Amino acid sequence: MTNTEVGSGPVRIDQWVWAVRLYKTRSEAAKAVRAGHVKLNGLSTKPSAPVAPGDRVRAWKDFRDYDYEVTATLKKRVGAPIARTCYIDHSPELPPREIWFSMPRRDPGAGRPTKRDRRELDRLRGR
């Protein structure tokens with residue numbers, strides 16, 4: 001078996017999330033793991049933590065939560081069709097576009113919200 005083939009042994013978590021194409025570069029993957037955006041079995045880890053089949057990997061990227069169950073490990077980045085065979089996607093569905101774009105937004109350059117603005121936001125959120 002070569003380094004690019006699908007395997008079953010443990011692999012570093014930063015290497016695995018990069019290999020299955022969740023992050024564009026390996027350094028970006030390591031930075032996300034260090035920042036706590038990638039969790040292994042519900043816990044924050046170091047980039048060198050081993051990932052094995054059966055583990056759950058949760059990642060927060062681009063304002064979206066990804067939840068993968070590892071079925072196979074990869075040491076090198078492969079094509080998307082092969083990468084999709086290495087995990088089971090348990091990610092929640094995205095909300096419809098109408099809801100996403102109907103959410104209120106502050107104008108760019110409006111500055112920090114005032115106390116009154118924060119109270120209105122809390123009221124809107126039901127707090």
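The basis for the numbers below is simple: all heavy atoms, side chains too, and nothing from hydrogens, waters or symmetry mates. Numbering starts at 1 and runs along the sequence shown. None of the values given here were measured: they were computed from a predicted structure.
- Applying the ring-ring contact (aromatic ring centres under 6.0 Å, His included) test to pairs two or more places apart or on separate chains, those with a residue in residues 48-80 are Tyr68-Tyr87.
- The structure places NZ of Lys31 at 10.0 Å from NE2 of His37, a figure rounded to the nearest 0.5 Å.
- Contact detail for Asp55 and Pro50: the closest heavy-atom pair is OD2-O, 4.0 Å.
- Considering every non-hydrogen atom in both Val38 and Ala59, the closest pair reads CG2-CB, 4.1 Å.
- Both Val70 and Ile82 are part of a single hydrophobic cluster, where members link through side-chain heavy atoms under 4.5 Å apart.
- Between Pro92 and Asp65, the shortest heavy-atom distance links the atoms CD-O, 3.6 Å.
- The two residues Val51 and Leu40 come nearest to each other via the heavy atoms CG2-CD1, 4.1 Å.
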Please report the C-alpha distance between Lys46 and Arg34 in whole Å, then the side-chain angles of each, then the deciding distance to 0.1 Å, and finally whether the side chain to side chain contact (heavy atoms under 4.5 Å, CB included) criterion is met. CA-CA 6 Å; Lys46 302 186 300 184; Arg34 264 188 246 105; over 6 Å; no

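- A salt bridge is defined here as a Lys NZ or Arg NE, NH1 or NH2 lying under 4.0 Å from an Asp or Glu carboxylate O, and Asp14 with Arg12 meets this definition.
- Here Asp117 contributes atom CG and Asp122 contributes atom CG; the two are 11.0 Å apart, rounded to the nearest 0.5 Å.
- For the atom pair Asp67 CG and Ser91 OG, the distance stands at 6.0 Å (nearest 0.5 Å).
- The two residues Trp16 and Val11 make their nearest non-hydrogen contact at N-CG1, 4.3 Å.
- In terms of heavy-atom proximity, Lys61 sits nearest to Tyr23 at CD-CE2, 3.8 Å.
- A continuous path of Ile, Leu, Val, Met, Phe, Trp and Tyr side chains, each step under 4.5 Å between heavy atoms, connects Val57 with Leu74, placing both in one hydrophobic cluster.
- Looking at Lys76 and Gln15, their side chains never come closer than 4.5 Å, going by heavy atoms from C-beta outward.
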What do the steps show when you test Arg116 against Arg119 for side chain to side chain contact (heavy atoms under 4.5 Å, CB included), and what is the final call? CA-CA 5 Å; Arg116 180 180 176 195; Arg119 286 181 179 156; 5.8 Å; no

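- Panel note: side chain Arg21, backbone Val78; a donor-acceptor pair is recorded below 3.5 Å.
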Checking side chain to side chain contact (heavy atoms under 4.5 Å, CB included) for the pair Thr85/Thr71: CA distance, chi angles, key distance, verdict? CA-CA 8 Å; Thr85 65; Thr71 58; over 6 Å; no

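- Panel note: side chain Thr73, backbone Pro10; no donor-acceptor pair is recorded below 3.5 Å.
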Would you check, one step at a time, whether the test side chain to side chain contact (heavy atoms under 4.5 Å, CB included) holds for Arg64 with Leu94? CA-CA 8 Å; Arg64 184 167 180 217; Leu94 285 175; 3.5 Å; yes

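- To the nearest 0.5 Å, the span separating CZ on Arg58 from NZ on Lys39 amounts to 9.5 Å.
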